[in-house]
*Asks:* 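Shown below is the structure under consideration.
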Amino acid sequence: MFDTRFDPMDQINLMQENVLDCLGSAVENTLSSVRGAAAFQRGIDELDRLSAFKADNIYAPLSADPLAREYVAHLDEQLLDLMARIDVLRAHVELGLEVGSDNIEGMADSLSALVRQLKISFVREAALIPVYAAWQERAMLHAVPHRALQLAGAHL
């Protein structure tokens, strides 16, 4: 029998790979090409979806859990500077593309730095995997008695 439960961590890994693949394609094709600019935009769109997905499926439930809340806040604090650098690098490339900047070399450097910073961010956020797994386990343990009571009530 297959386990059909949805695992957000698997989805996050796929989304992260997609972000890095798209941005890697942008680096390979250069931002001055249509293909490179389109790959960059796909990567940024996927990064936005990834951020929203993590917020909804990982950060929100862990932040609501008293046992995990403090750890998540500590990790967020550690990632703050890194995320600020990512935002600056992203904005530099996006604005350069938007205004048709002739500073392609500078934008390429920012794109390469953005990819490096994202890789670091993904590695650091991986620290949430065991925390999330423990949260899931606790949530399932608390759900089992409730489900058992429902089933028992149905047989009465």
*Asks:* Between CE of Met107 and CG of Leu95, what distance do you get to the nearest 0.5 Å?
*Replies:*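 If we round to the nearest 0.5 Å, Met107:CE and Leu95:CG are 10.0 Å apart.
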*Asks:* How far does CG of Asp10 sit from CE of Met15, to the nearest 0.5 angstrom?
*Replies:*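 The distance works out to 13.0 Å.
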*Asks:* Classify the side-chain pair Tyr132/Glu137 by whether it contains a donor and acceptor separated by less than 3.5 Å.
*Replies:*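 Their side chains do not contain a donor-acceptor pair, so the 3.5 Å distance test is not met.
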*Asks:* Which heavy atom of Phe40 sits nearest a heavy atom of Arg90, and at what distance?
*Replies:*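 So the two residues come closest at CZ-O, 4.3 Å.
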*Asks:* With no hydrogens and no angle check, do the side chains of His74 and Glu70 hold a donor and an acceptor under 3.5 Å apart?
*Replies:*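 Result is no, nothing qualifies.
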*Asks:* Please report the shortest heavy-atom distance between Leu62 and Val72, naming the atom on each side.
*Replies:*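 Leu62 and Val72 have their closest heavy atoms at CB-CG2, 3.6 Å.
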*Asks:* Closest approach of Ala68 and Val131, non-hydrogen atoms and distance?
*Replies:*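 The answer is CB-CG1, 3.9 Å.
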*Asks:* Check whether any side-chain heavy atom of Tyr59 sits under 4.5 Å from a side-chain heavy atom of Leu128, and report yes or no.
*Replies:*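 SC-SC contact between Tyr59 and Leu128 confirmed.
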*Asks:* Do Leu75 and Ile120 belong to the same hydrophobic cluster, where Ile, Leu, Val, Met, Phe, Trp and Tyr are linked whenever their side-chain heavy atoms lie under 4.5 Å apart, directly or via other members?
*Replies:*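 Yes.
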*Asks:* Determine, step by step, whether Arg42 and Asp21 satisfy the salt bridge (Lys or Arg N to Asp or Glu O under 4.0 Å) criterion, reporting the C-alpha distance in whole Å, the side-chain angles of both residues, the deciding distance to 0.1 Å, and the verdict.
*Replies:* CA-CA 10 Å; Arg42 283 192 312 275; Asp21 287 346; over 6 Å; no
*Asks:* Enter the distance from Met83:CE to Asp76:CG here, rounded to the nearest 0.5 Å.
*Replies:*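 The CE atom of Met83 sits 9.5 Å away from the CG atom of Asp76.
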*Asks:* Quick one about Asp45 and Gln41 (side-chain donor to acceptor, distance below 3.5 Å, no hydrogens or angles considered), yes or no?
*Replies:*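 Judged by distance alone, the side chains do pair up.
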*Asks:* When rounded to the nearest 0.5 angstrom, what is the spacing between CG in Leu97 and CD1 in Ile104?
*Replies:*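 It comes to 7.0 Å.
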*Asks:* What distance do Gln11 atom CD and Arg49 atom CZ have between them, rounded to the nearest 0.5 Å?
*Replies:*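 Rounded to the nearest 0.5 Å, the CD-CZ separation comes to 10.5 Å.
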*Asks:* Is any side-chain heavy atom of Ile12 less than 4.5 Å from a side-chain heavy atom of Phe122?
*Replies:*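 Answer no - side chains too far apart.
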*Asks:* Atom CH2 in Trp135, atom CG in Leu67: separation rounded to 0.5 Å?
*Replies:*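 These two atoms lie 12.0 Å from each other.
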*Asks:* Is the closest side-chain donor-acceptor distance between Ser25 and Asn29 under 3.5 Å?
*Replies:*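 Looking only at side-chain atoms, Asn29 and Ser25 do form a donor-acceptor pair, the distance falling under 3.5 Å.
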*Asks:* Provide the closest heavy-atom pair for Ala64 versus Arg69 in the form atom of the first, atom of the second, distance.
*Replies:*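 That closest heavy-atom pairing would be O-NH2, 3.1 Å.
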*Asks:* Is it the case that atom CD in Glu105 sees more than 12 heavy atoms from other parts of the structure closer than 6.0 Å?
*Replies:*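 12 or below, so no.
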*Asks:* If we only count heavy atoms from C-beta on, is the Glu46 to Gln16 side-chain gap below 4.5 Å?
*Replies:*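 No, side chains not in contact.
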*Asks:* Check whether Ser121 reaches the backbone of Gln117 with its side chain - one donor and one acceptor, N or O, closer than 3.5 Å.
*Replies:*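 No: the side chain of Ser121 does not pair with the backbone of Gln117.
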*Asks:* Without swapping roles, check the side chain of Ser33 against the backbone of Thr30 for a donor-acceptor pair under 3.5 Å.
*Replies:*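 Yes.
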*Asks:* Check Asp81, Leu114, Leu79 against Ile86 for a side-chain contact (heavy atoms from CB on, under 4.5 Å) and give me the one that passes.
*Replies:*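 Going through the options one by one, the only one that passes is Leu114.
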*Asks:* Check Asp56 against Pro61 and note the closest heavy-atom contact, atom names and distance.
*Replies:*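 In terms of heavy atoms, the two residues are closest at O-CD, 3.5 Å.
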*Asks:* What are the two closest non-hydrogen atoms of Ala37 and Leu31, and how far apart are they?
*Replies:*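 So the two residues come closest at CB-O, 3.8 Å.
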*Asks:* Answer with yes or no whether the hydrophobic clustering places Ile129 together with Leu14; edges join I, L, V, M, F, W, Y residues whose side-chain heavy atoms lie under 4.5 Å apart.
*Replies:*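 Per the 4.5 Å side-chain linkage, Ile129 and Leu14 are not co-clustered.
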